[in-house]
Every structure is written in structure tokens, then in C-alpha cells.
**Student:** 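Can you read through this structure? Questions will come right after.
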Amino acid sequence: MELFVSEGNPHCLKVLSALEVTGVQCRVVPFLSRPALPALLLPSGEYLFSPNAICRYLFEVNGQESSEHSNQWLEWDATDLQVSSNKIKTCFSILCTVLSLFSTPSYTNCSDSASACCQKGHKSIELHVFSSYSPKDSAWFDRVAAIHSCQSAAQKVLQGKGLQGLKSYLQRQPAPQSSQCRDTEPCNINLCVVSEKDVEAAALTWSKNLNADPLATDKRHPILPQEGKRNVLVTSALPYVNNVPHLGNIIGCVLSADVFSRYGRLRGWNLLYICGTDEYGTATENKAREEGLTPQRICDKYHAVHSSIYDWFQIDFDFFGRTTTQKQTEIAQDIFWRLHKNEFLVEDTVDQLRCEACQRFLADRFVEGICPYCRYPEARGDQCDKCGRLINAVELKEPQCKVCKQTPVIRSSKHLFLDLPKLETQLEEWLEETTSTGDWTANAKQITRSWVRDGLKPRCITRDLQWGTPVPHPDFKEKVFYVWFDAPIGYLSITANYTDKWEKWWKNPHQVELYNFMAKDNVPFHSVVFPCSLLGAKDNYTLVNHLIATEYLNYEDTKFSKSRGVGVFGDMAKDTGIPSDVWRFYLLYVRPEGQDSAFSWADMALKNNSELLNNLGNFINRAGMFVTKFFEGCVPVMELQQEDKKLLAVVGWELQQYIQLMDRVKIRDALKHILNISRHGNQYIQVNEPWKKIKGEDTERQRAGTVTGVSVNISCLLSVMLLPYMPTVSQTIRDQLNAPQSCISTMLHGTFVCALKAGHRIGTVSPLFQKLEVDQIEALKKRFGGQQPSACHCASSRCGPRESQAGDKVRELKAQKAEKAVITAEVAKLLDLKKQLALAEGKSSEPVPQKGKKK
């Protein structure tokens with residue numbers, strides 16, 4: 001067993017006292033940092049972190065079982081005293097009661113030995129925090145101070161100051177924060193904790209050589225599953241072809257999946273990343289009508305736009321396809337016939353919304369109205385973005401056609417439905433397994449549970465459109481597949497266009513892990529509707545193992561809007577002059593992993609100037625410049641001291657945290673550990689001042705060389721960790737350091753080794769980042785802020801046309817010689833509209849007085 005303790009930490013006092021009394025054989029390992037609690041490593045490999053639990057365990061190992069009286073004290077300590085430590089008044093009343101008991105003979109007797117003190121859970125640390133509240137506490141403290149094992153423990157833990165030092169130490173501590181305060185502050189649970197054992201291990205690892213076989217970086221297509229390897233299939237939600245993606249679309253799907261895919265390849269996984277444009281549906285038809293093109297030409301045009309945007313953002317797809325292909329038709333129709341054969345399809349006549357002005361049935365996303373559940377005024381015809389409930393378009397209150405703003409009418413039509421209730425049992429069994437074994441984000445689980453909890457209903461899979469995958473059934477030959485039945489099948493057809501052996505990925509659930517990346521609004525279709533389609537097809541399809549959904553990214557304090565010119569869209573980012581790696585960094589830094597986040601120009605400048613320029617870039621540039629300036633471009637000899645070894649252990653710990661988080665697709669959190677390492681490095685350089693020591697005696701020059709060599713090797717590690725996030729910057733760092741290719745595979749397996757040995761010649765070092773100036777950011781903020789119409793302008797635009805119509809009506813009635821009362825009523829309406837228009841335009845609403853006629 002090993003007991004981990006730290007100097008100056010009074011929480012370790014009781015466990016060391018218990019260890020001395022029991023005489024249990026246990027190695028005491030000092031922490032180099034200061035964790036909140038001691039830790040006991042058990043022979044089983046598990047840890048105990050509670051001081052009370054450690055004490056109880058030590059006595060039980062020594063054959064001394066806790067008495068009922070002792071257990072009561074321990075329970076009181078855990079459930080009352082510790083819990084109430086944030087509530088001073090409550091704790092004071094508890095202490096008044098218990099401290100009065102300390103004066104009783106029974107307590108005096110039981111505190112005659114350290115054994116009794118430990119067994120009965122008299123937690124001196126917590127009790128003495130409130131010593132100023134009761135004079136009786138001093139007497140109790142003096143009795144504890146007289147116990148030999150407590151004195152011995154205090155000498156070890158409290159740096160020779162003894163138990164009296166504990167009293168002054170505790171009286172200096174600030175009052176605990178309330179739970180309310182703690183909840184508003186970010187909580188870093190993974191505090192860096194390294195022991196002497198960790199330091200020794202880090203120094204040993206450092207001295208090892210790089211892997212002999214560097215990781216193969218050239219892809220050999222087609223990539224297919226391999227025996228004995230981790231085969232990972234990554235998809236990101238297919239973007240609608242008719243929309244230019246904005247920053248929120250990019251971070252929610254393709255960029256997040258790209259970072260994870262790059263990381264997976266570095267880890268040696270056999271990984272395939274596919275995506276493509278979703279090209280069928282009413283949205284494409286309407287866009288074609290707007291631009292005077294055919295739907296196919298619209299798809300060709302905007303598929304190229306998407307490809308160009310993703311190329312600039314360095315999205316490294318293995319294949320970027322599209323859904324308007326023959327493979328899409330073949331695979332979708334095959335799944336359809338299998339569902340039909342297995343009796344998972346039903347017919348029904350449904351009411352639909354039809355816009356008479358546009359002369360077409362309206363797709364769900366082209367109807368907006370008031371949500372019947374939460375009254376949200378901009379709910380779509382398929383789903384409410386606010387409450388997340390599934391909606392039939394005819395259920396919307398006050399529906400409007402999004403194209404012409406007219407009120408649609410209800411018409412009946414016969415359609416085919418996927419019988420989700422019939423598949424519900426299979427779905428729940430599968431969900432139980434995959435959500436418990438896979439990495440599903442919390443929002444993905446919650447959204448899926450809410451859908452299943454409310455009870456599944458048959459879901460329509462056909463539409464009265466022309467542009468789509470045709471339904472092969474003879475009774476429905478005039479219809480096409482509904483986009484959310486058809487679009488996810490695009491993952492399969494895009495893979496089939498990549499390789500004719502696509503079934504090795506998509507009909508191989510025992511050998512392939514499937515990751516889906518998307519924004520939260522796409523979750524139900526990937527966790528319920530699409531899996532039900534594949535389960536019902538009964539063809540051994542690969543179903544999603546890990547569903548990664550982001551929340552929404554907003555723009556400043558509003559939503560992205562192409563029509564209003566609000567926000568940065570993919571085709572605009574490259575015109576800002578800011579490199580794509582910086583865009584990638586900031587979007588990943590604010591990635592909406594647990595809640596909605598916002599893009600902010602001011603914050604982007606702050607993060608660029610503080611984290612990239614002053615932290616990361618500053619450290620890497622200084623390390624490289626020291627090699628160039630002081631050691632003629634060659635890495636100096638390094639003679640590690642304890643301080644250097646400790647730094648290696650801390651950096652190694654940060655690397656392990658990075659890997660654990662990336663394995664669980666915590667992309668934003670993992671990025672923070674990269675920045676932590678460069679902060680450690682900057683502090684290391686600043687404390688050791690190699691620019692001064694290089695001018696000193698031989699020992700100081702040697703010290704400068706060691707600090708420089710360690711720093712430049714940390715820079716090499718950072719280049720590897722940055723590769724998934726900032727691929728161009730990562731390559732630039734490795735070029736400047738002339739780093740061997742094999743450093744990538746070695747370090748991403750969790751080992752921080754000395755990649756740049758003494759004598760290694762680096763390349764030319766230059767700054768990695770540029771400052772974003774205030775005037776530059778203000779100009780960009782203004783450029784992408786949109787032209788918000790004023791209230792007057794809005795009112796004017798509403799009243800103007802109505803006034804014109806009213807004037808035409810008055811003239812028409814006069815021409816028809818209508819009754820005077822009718823004309824008078826319409827004139828009154830016209831005058832009222834003129835008054836409203838004058839007010840909206842800021843003019844006087846009073847009539848201009850006419851000059852009287854001369855007599």
C-alpha cells in the first residue's frame with residue numbers, strides 16, 4: 001500500500017497518526033503539489049480519498065474493528081459537520097452541542113490514546129476551524145496535542161511547526177464559500193497532482209527513445225476495416241446544400257468531427273471520416289426558383305461552395321460526397337422495400353398545408369407558426385426549436401408560408417408512415433445498451449429520452465414533391481421520400497460512392513464503432529428515426545455507438561442571419577485576413593459542449609492576444625530563440641535537476657488528461673490542457689532566467705542549457721497536441737524545430753520523451769501569431785453586425801403599402817359612384833393610415849393649415 005500526503009496540508013494529520021498507531025506496513029509518498037485530501041492506494045489498485053475511510057481501513061487491517069460508538073461519530077462527522085461547514089450558524093449550533101460532550105468523562109476517557117481519537121472519528125481539523133466560537137474547544141485541542149502519534153504526524157505534515165502551528169494555520173483560513181458562490185464559479189475538478197513516484201517515472205520515460213516506426217501519415221484509399229485494429233467510422237451531419245454554413249454550423253458538425261478524426265488517426269486508429277451535402281427537398285426547389293436555375297444546377301453550384309469553405313477551414317474529410325446520386329436511390333429504395341416486407345410501414349391519409357399562392361404542398365421547414373405546446377412564435381412545421389417537441393405542420397397556430405408569408409390551407413393526401421410504435425421495444429433495448437457503453441453527450445441522451453418517454457408515433461416518410469428520391473411503390477409513384485428518412489441514408493450512399501465495399505463499414509456492427517457529430521436539433525432523427533429504419537430493415541446495419549451533439553453557437557447577442565447580414569458565414573471568414581487556424585482555435589475554445597455559447601469579436605481578440613500570442617506562441621518562440629541565440633541552433637546538453645523532473649511529471653499529467661478527454665470527445669476541455677502546458681513552460685523559463693544564466697559560470701551556463709533543452713522539447717510536444725486543432729500551426733512548429741515525424745505517434749500514446757536530443761539542429765524560428773488590434777476588431781464587428789431596421793423603418797414599410805391600397809380603394813369607389821357612407825368610411829381609414837405613416841416617418845401628423853381665401 002501507498003499513502004499519498006502533502007506537506008502543509010492538515011487533512012493528512014489524522015491518517016498519519018492512525019498509521020503510526022496501527023503499525024500497518026505502508027509506504028508514505030509525499031505529493032509535490034497540494035491536493036485537498038490524502039489518498040491511500042490499496043493492494044487492489046483502488047484508492048481511498050476520505051481521511052475517515054483511510055483511518056477505519058488501517059485499524060481494520062490491524063484487526064481492530066470500529067465499535068458502534070465510533071461508527072456513530074464517523075457518520076455524524078460526514079453527514080452533519082462536513083456538510084454544514086458552509087453554513088456557519090448551523091455548524092456553530094452543532095459544535096456547541098458536541099463540544100459540551102467533549103468535557104464529559106466518557107469523552108475524556110476515550111481520548112486518552114491516539115487509537116481512540118482516530119477510531120472515534122474526532123476530526124480535529126474540522127472541529128478546530130471553529131475554535132473561536134467556544135472556549136471549551138481549546139481544552140479539547142490541548143488534549144489532542146498531548147497524544148504522541150498526533151505530535152509525530154504534526155511534525156511531518158506541518159513543516160516542523162507542530163500542532164500549535166495548526167491552530168494559527170486554521171484561524172487564518174477564509175470562511176468557506178456558500179454553495180451559491182461555488183456554483184457561479186468554474187470548477188476545475190482535475191487538479192494537477194504528482195508524487196515523487198510520478199516524478200521518477202516521468203524522468204525514466206523522458207530518457208527513452210522515440211518509436212522506431214513513425215506513424216504513417218499518407219492515407220491509402222479506400223480505407224476499410226481491419227482485423228485487430230480499432231475501426232472508427234465518423235460522420236458529421238450532412239449540411240443542406242442550399243445554405244452557406246455559418247460559424248455555428250461549422251463548429252457543430254464538420255469542425256468538431258474533423259478534430260476528433262485527426263486525433264484518432266494520430267492515435268493509430270483505422271478511421272474513416274465521411275460527409276457530404278444533403279441536396280433533396282423543397283429547400284432546393286425554392287432556391288432554384290429564386291436563382292432561375294434547375295435544382296440539379298443549384299446543387300452543383302452550392303456543393304462547390306461548401307467544398308471550398310471546408311477546404312479553407314482545413315476539414316480533412318476522407319470523402320465529401322452528395323445525396324443526389326444513383327447509389328442514394330438504390331440504397332434508400334432497398335431499405336424501403338425491406339421495411340415494407342417486414343411490415344413496418346403503414347398507409348394513412350393525412351392533412352397537409354398547401355400554399356395556394358406558391359401552388360405546392362409545403363415542406364415542414366417552410367412553414368412557421370406558433371408552437372401548440374409552448375407558444376414559441378417561430379416553431380417550424382416539424383419541430384419546435386424552443387421546447388424540442390415533435391410537431392405536425394397542421395398543428396401550428398397561425399401558420400405562414402415562409403416563402404410568400406401567405407396563410408396556407410389544409411388539403412388531404414395519402415402517405416406512407418414508418419411504424420415507430422411497432423419498433424419501440426427494439427429501439428429501447430438498443431438505446432439501453434448503446435447509451436450505457438458509448439459516449440453520448442448529455443443533451444443527446446436527454447432529447448432521446450424525452451422522445452421515447454412521450455411515446456413514439458408513426459412517422460411519415462413520403463412527401464408530395466418532385467425533387468427527391470422517388471418512392472418505388474406503384475401506389476405512391478408521384479411521391480418522393482421525406483428528407484429525414486432519406487438524408488441519413490446519405491451516409492451509406494456517400495460511403496458507397498467512396499468504395500464499392502461500403503458494406504464492410506455499414507453492415508459490420510461487431511467490428512466498427514460509429515461516431516455521429518451534429519447540433520442538438522438533429523438528435524431525434526439520428527437516435528430514434530434513422531436507427532428505427534435500420535432496425536426494421538433487419539440487414540445487420542451498423543448503428544451509432546457514440547452520438548456527439550453540441551448546443552447552439554450564437555453570434556454576439558443574437559442569431560446568425562444571412563438575410564440581415566448578421567454574423568460570419570463560411571465564405572466570409574477568409575476575407576477577414578485572420579488565418580483559418582485562428583478561427584479553428586477560437587471556435588473550439590468556445591465550442592458549445594454543455595450549453596449555448598456565443599461568438600464574440602472582443603473575446604476572439606482577447607483569446608488570440610492572451611492565449612495564442614502571449615501564452616502559447618510566446619513560450620514556443622522563446623524556447624526556439626534561446627536555442628538559436630545561445631547555442632548556435634543546436635539543442636544543448638540537459639542535466640536534469642529535481643525541478644526539471646517535476647516539470648516533466650506535470651507536463652506528462654497534462655498530456656494524460658488531454659488524451660482521456662479527447663478519447664471521450666471533450667474537445668473544448670482537452671484544449672485547455674494544451675494551454676496549461678505552455679503556461680507551465682512560461683513559468684519555468686521565467687523562474688530560471690536562462691538569458692541571465694548563459695552569461696554566468698559553467699554551472700549556470702549548464703543550467704541555462706538544461707532549461708532551454710527541456711523547453712524546446714515541450715514545444716515539440718505542444719506541436720503534436722495542437723495538430724488536431726491547428727494543423728498548419730502544428731506543422732509550422734515542427735518545421736521550425738526540424739522535429740522527427742516519429743514524435744507524433746510516440747507522444748500521442750501518452751509518453752513525453754526527449755524527442756530533440758542534445759546536438760539536434762533546429763530550423764529557423766519565427767513568431768507564430770499576430771496581435772489582433774482594437775481598430776481591426778471594431779471594423780470587423782461593424783462589418784458583420786448587419787443593418788438592423790429601425791422601428792420607424794419597420795412601421796413605415798408596413799404602413800406605406802397599406803396606405804397605397806387604401807387610396808386605390810377610395811378612388812375605385814368614387815369611380816363606381818358608391819354610396820357616400822361607404823366612401824366616407826374608407827376615407828377615414830385612409831386618413832388614419834396617412835397619420836400612422838407620418839408618425840413613422842417622423843413627420844407631423846397634423847394637417848397643414850390652408851391659407852384662407854381673400855374676401
Side-chain angles (χ1 to χ4, degrees), residues 33 188 190-192 194 202 206 259 263 579 581-582 584-586 588-590 604-628 635 643-644 646-659 661-662 667-691 706-737 739 743-744 747-748 750 752-756 762 765-772:
S33 54
N188 183 9
N190 293 325
L191 297 174
C192 179
V194 294
W206 166 266
V259 172
Y263 169 77
D581 265 13
V582 175
R584 287 174 62 107
F585 167 81
Y586 182 67
L588 293 161
Y589 194 97
V590 298
M604 183 181 187
L606 177 65
K607 296 302 184 294
N608 177 84
N609 296 343
S610 61
E611 294 289 12
L612 291 183
L613 186 63
N614 295 338
N615 176 17
L616 182 69
N618 180 55
F619 170 70
I620 293 172
N621 186 253
R622 290 171 87 189
M625 288 303 296
F626 291 156
V627 175
T628 301
V635 177
E643 178 189 359
D644 310 312
K646 179 183 175 182
L647 177 65
L648 299 183
V650 170
V651 170
W653 184 89
E654 299 281 4
L655 173 60
Q656 288 295 332
Q657 296 300 310
Y658 167 92
I659 290 172
L661 289 166
M662 288 294 278
I667 296 172
R668 182 193 61 195
D669 292 342
L671 177 58
K672 307 300 170 61
H673 288 279
I674 298 176
L675 301 173
N676 284 349
I677 289 176
S678 57
R679 266 189 282 274
H680 293 311
N682 274 316
Q683 185 178 14
Y684 174 68
I685 288 177
Q686 207 62 29
V687 167
N688 284 280
E689 300 180 324
W691 63 91
T706 299
V707 172
T708 299
V710 170
S711 297
V712 82
N713 271 280
I714 293 175
S715 298
C716 185
L717 171 65
L718 287 170
S719 75
V720 176
M721 297 173 73
L722 277 170
L723 198 155
Y725 294 88
M726 307 178 77
T728 299
V729 168
S730 169
Q731 186 62 55
T732 300
I733 297 169
R734 281 179 283 124
D735 288 344
Q736 290 186 9
L737 300 179
C743 69
I744 295 175
M747 294 181 184
L748 257 294
F752 177 32
V753 301
C754 181
L756 310 180
I762 68 171
V765 177
S766 59
L768 296 169
F769 306 106
Q770 292 184 340
K771 184 179 181 181
L772 292 178

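Computation of the quantities below employed the complete heavy-atom set of this structure, encompassing side-chain atoms and omitting hydrogens, waters and symmetry-equivalent molecules.
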**Student:** Is the shortest side-chain heavy-atom distance between Leu616 and Val729 below 4.5 Å?
**Tutor:**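 SC-SC contact between Leu616 and Val729 ruled out.
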
**Student:** As an exercise, state the distance from OG of Ser766 to CE of Met625, rounded to the nearest 0.5 Å.
**Tutor:**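 Ser766 OG to Met625 CE: 9.5 Å, rounded to 0.5 Å.
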
**Student:** Looking only at non-hydrogen atoms, find the nearest pair between Val687 and Glu643 and report the distance.
**Tutor:**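 Here Val687 and Glu643 meet closest at CG1-OE2, 4.2 Å.
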
**Student:** Side chains of Gln656 and Phe752: does their closest heavy-atom pair fall under 4.5 Å?
**Tutor:**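 No, too far: nothing below the 4.5 Å cut-off.
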
**Student:** Is a side-chain donor or acceptor of Arg734 paired with a backbone partner of Val720 at a separation under 3.5 angstrom?
**Tutor:**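 Such a contact is absent between Arg734 side chain and Val720 backbone.
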
**Student:** For the residue pair Leu756 and Val712, what are the closest heavy atoms and their distance?
**Tutor:**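 Closest approach of Leu756 to Val712: CD1-O, 3.8 Å.
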
**Student:** What is the distance from atom CD1 of Ile733 to atom CE of Met726, rounded to the nearest 0.5 Å?
**Tutor:**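 Taking CD1 in Ile733 and CE in Met726, the distance rounds to 8.0 Å.
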
**Student:** Quick check: do Tyr684 and Asp644 have side-chain heavy atoms less than 4.5 Å from each other?
**Tutor:**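 A side-chain contact exists here, since the closest heavy-atom pair is under 4.5 Å.
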
**Student:** How far does CD of Gln683 sit from CZ of Phe619, to the nearest 0.5 angstrom?
**Tutor:**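 Taking CD in Gln683 and CZ in Phe619, the distance rounds to 12.0 Å.
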
**Student:** Of all the heavy-atom pairs spanning Ala202 and Leu648, show the shortest one and how long it is.
**Tutor:**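 Closest heavy-atom pair between Ala202 and Leu648: CB-C, 3.9 Å.
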
**Student:** For the pair Tyr586 and Glu611, evaluate side-chain contact (heavy atoms from CB on, under 4.5 Å) and give the outcome as yes or no after the intermediate values.
**Tutor:** CA-CA 10 Å; Tyr586 182 67; Glu611 294 289 12; over 6 Å; no

**Student:** For a 4.5 angstrom cut-off between non-hydrogen side-chain atoms, does Met604 reach Tyr589?
**Tutor:**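 Not touching, per the 4.5 Å side-chain cut-off.
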
**Student:** Is a side-chain N or O of Asn621 found less than 3.5 angstrom from the main chain of Gly617, in a donor-acceptor match?
**Tutor:**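 The answer is no, because no donor-acceptor pair under 3.5 Å joins these two groups.
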
**Student:** Considering all heavy atoms of both residues, which atom of Leu718 and which atom of Ser678 are nearest to each other, and what is their separation?
**Tutor:**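 Closest approach of Leu718 to Ser678, heavy atoms only: CD1-CB, 4.1 Å.
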
**Student:** Quick one: CG on Leu717 to SG on Cys754, what's the gap to the nearest 0.5 Å?
**Tutor:**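 Rounded to the nearest 0.5 Å, the CG-SG separation comes to 12.0 Å.
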
**Student:** Evaluate side-chain contact (heavy atoms from CB on, under 4.5 Å) for Trp691 paired with Ile685, printing each intermediate quantity in order.
**Tutor:** CA-CA 9 Å; Trp691 63 91; Ile685 288 177; 3.8 Å; yes

**Student:** Please round to the nearest 0.5 Å and tell me the distance separating atom CZ of Arg679 and atom CD1 of Ile677.
**Tutor:**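 One finds 11.0 Å between CZ of Arg679 and CD1 of Ile677.
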
**Student:** Give the minimum heavy-atom separation between Asn682 and Asn614, together with the two atoms involved.
**Tutor:**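 Taking Asn682 first and Asn614 second, the nearest heavy atoms are ND2-O, 4.1 Å.
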
**Student:** Check whether any side-chain heavy atom of Pro727 lies under 4.5 Å from a side-chain heavy atom of Asp581, and answer yes or no.
**Tutor:**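 Side chain of Pro727 against side chain of Asp581, heavy atoms only: contact under 4.5 Å found.
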
**Student:** Sub-3.5 Å donor-acceptor pair from the side chain of Ser730 to the main-chain atoms of Ser719, do we have one?
**Tutor:**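 Yes; at least one donor-acceptor contact below 3.5 Å.
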
**Student:** Hydrogens and angles aside, do Asn676 and Gln657 bring a side-chain donor and acceptor to less than 3.5 Å of each other?
**Tutor:**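 Side-chain D/A pair, Asn676 to Gln657: absent.
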
**Student:** To the nearest 0.5 Å, tell me how far Thr728 OG1 sits from Asp735 CG.
**Tutor:**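 Here the rounded value is 10.5 Å.
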
**Student:** With side chains defined as the heavy atoms from C-beta onward, is the minimum distance between Met662 and Val259 less than 4.5 Å?
**Tutor:**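 Met662 vs Val259: side chains touch.
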
**Student:** Going by the angle between their ring planes, with limits at 30° and 60°, are Tyr658 and Tyr725 parallel, tilted or perpendicular?
**Tutor:**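 The arrangement is tilted - the two ring planes meet at 30° to 60°.
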
**Student:** Can you name the closest pair of heavy atoms from Leu671 and Leu588 and give their distance?
**Tutor:**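 Closest heavy-atom pair between Leu671 and Leu588: CD2-C, 4.2 Å.
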
**Student:** Hey, does Lys607 have a side-chain heavy atom less than 4.5 Å from the side chain of Val590?
**Tutor:**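 Val590 does not reach Lys607 side chain to side chain.
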
**Student:** So do Ile714 and Val651 actually touch side chain to side chain, heavy atoms under 4.5 Å?
**Tutor:**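 Counting from C-beta outward, Val651 and Ile714 do come under 4.5 Å.
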
**Student:** Under a 4.0 Å threshold between the charged nitrogen and the carboxylate oxygen, would Lys672 count as salt-bridged to Glu654?
**Tutor:**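 The answer is no: the pair does not qualify as a salt bridge.
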
